[in-house]
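Structure record follows, encoded as structure tokens.
Ligands are counted one by one from 1 in listed order, and the atoms in each one are counted from 1 as well.
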Amino acid sequence: MKILVNGANGQLGQSIIQDWSGLEEISVKGFSRLEWDIANTEQTIHIMNEEKPDVVIHCAAYTKVDEAEGTGGYSSYQVNVEGARNVASACQRVGARMVYVSTDYVFDGNQSSGYTESAPTNPLNWYGQTKRLGELWTLALCKNSVVVRTSWLYGIDGANFVWTMLNLAKKQNMLYVVDDQYGSPTYTRDLGDGLYRLVHTPQVKGIVHMSNVGGCTWYHFAKKIFSFADLEMQVVPVETKEFIRPAQRPINSNLIHSRSGEGIDYLPHWTKGLARFFLDGRERGLLD
Ligand SMILES: NC(=O)C1=CN([C@@H]2O[C@H](COP(=O)(O)OP(=O)(O)OC[C@H]3O[C@@H](n4cnc5c(N)ncnc54)[C@H](O)[C@@H]3O)[C@@H](O)[C@H]2O)C=CC1
């Protein structure tokens with residue numbers, strides 16, 4: 001099975017390439033933005049015609065949530081909507097399955113019980129809107145496609161909340177962290193494992209929620225990070241309204257995994273994902 005990964009220099013893309021390279025039953029090839037700009041229609045068609053993959057893992061995205069608001073949304077629209085449309089139609093043309101990675105930010109977060117795959121979407125910010133439009137184009141243009149929604153993603157290679165907390169701990173011993181936004185932190189390697197099972201479960205189509213199970217607030221996530229890192233840090237819980245940011249975030253973006261019985265299984269609990277991150281980081285000499 002031949003698999004292409006776009007956005008391969010991002011945190012999820014790197015994690016997938018590292019874990020899937022060398023596996024016997026698949027061949028995986030990653031493309032950075034410089035090698036494959038998904039917003040470039042001709043380049044997308046050319047690469048897909050040349051490579052003729054069985055599967056494309058679509059990791060490429062404009063992910064700067066606050067900047068997306070500030071720039072009038074142009075860059076995020078180009079990548080998250082037009083780029084997804086290009087890839088979906090090229091996948092359809094060459095008969096490839098497209099796995100479009102999406103986000104909990106397609107929901108407004110007002111539903112305290114969480115969101116199933118079929119729950120109505122209502123993004124609060126421009127990033128979420130562009131990702132939702134990308135989902136719709138993917139499902140409309142590529143018959144053999146799956147939209148995989150995940151949340152609060154962090155990996156060893158990349159900028160994310162975990163590294164932000166660990167880097168701040170080098171400079172200060174007190175931090176304010178939001179305690180009224182709830183979600184599921186998801187480790188890229190655990191998501192990669194879930195995507196690997198999905199790739200081998202061809203009958204699954206449509207929308208699938210895939211995040212580490214369980215959930216917490218950013219405050220509890222930060223506390224857990226410092227506990228795993230064995231660092232003394234005073235973490236003070238604050239409300240979202242005390243942190244004014246350009247993009248609004250959902251208060252409760254808990255993703256319900258109602259399709260996990262279909263051969264794709266649940267990912268481990270989020271605290272296990274974080275423990276795995278620390279093991280990996282220590283093994284690679286990046287963490288004490
Ligand atoms: N980071 C997070 O907390 C979450 C991310 N997601 C989704 O997961 C997926 C992967 O996210 P991350 O790895 O965290 O993002 P990332 O920002 O680390 O990686 C995205 C990659 O896409 C590339 N890219 C940007 N524009 C491109 C273009 N025009 N053509 C080709 N590549 C382009 C970037 O260079 C980058 O390497 C994205 O679809 C994102 O929307 C979903 C939920 C949470």
Open item on the list: A quick test of your reading: do over 12 heavy atoms of other residues, nucleotides or ligands sit less than 6.0 Å from CG of D288?
Closed with: no
Task: Pairing of R245 and E69 as salt bridge, 4.0 angstrom limit - done: no
Task: Charged N-O contact under 4.0 Å between R249 and D66 - done: yes
Task: Cationic N near anionic O, under 4.0 Å, R259 to E117 - done: no
- [ ] Establish, yes or no, whether the cationic atom of K272 lies under 6.0 Å from the six-membered ring centre of Y187 and within 45° of the ring axis.
- [x] no
Task: Under 4.0 Å from ligand 1 - residues by heavy atom, chain and number - done: G7, N9, G10, Q11, L12, R33, W36, D37, I38, C59, A60, A61, T63, V79, V101, S102, T103, Y127, K131, T150, S151, W152, L153
Task: Flag for H257-S211: side-chain donor and acceptor within less than 3.5 Å - done: yes
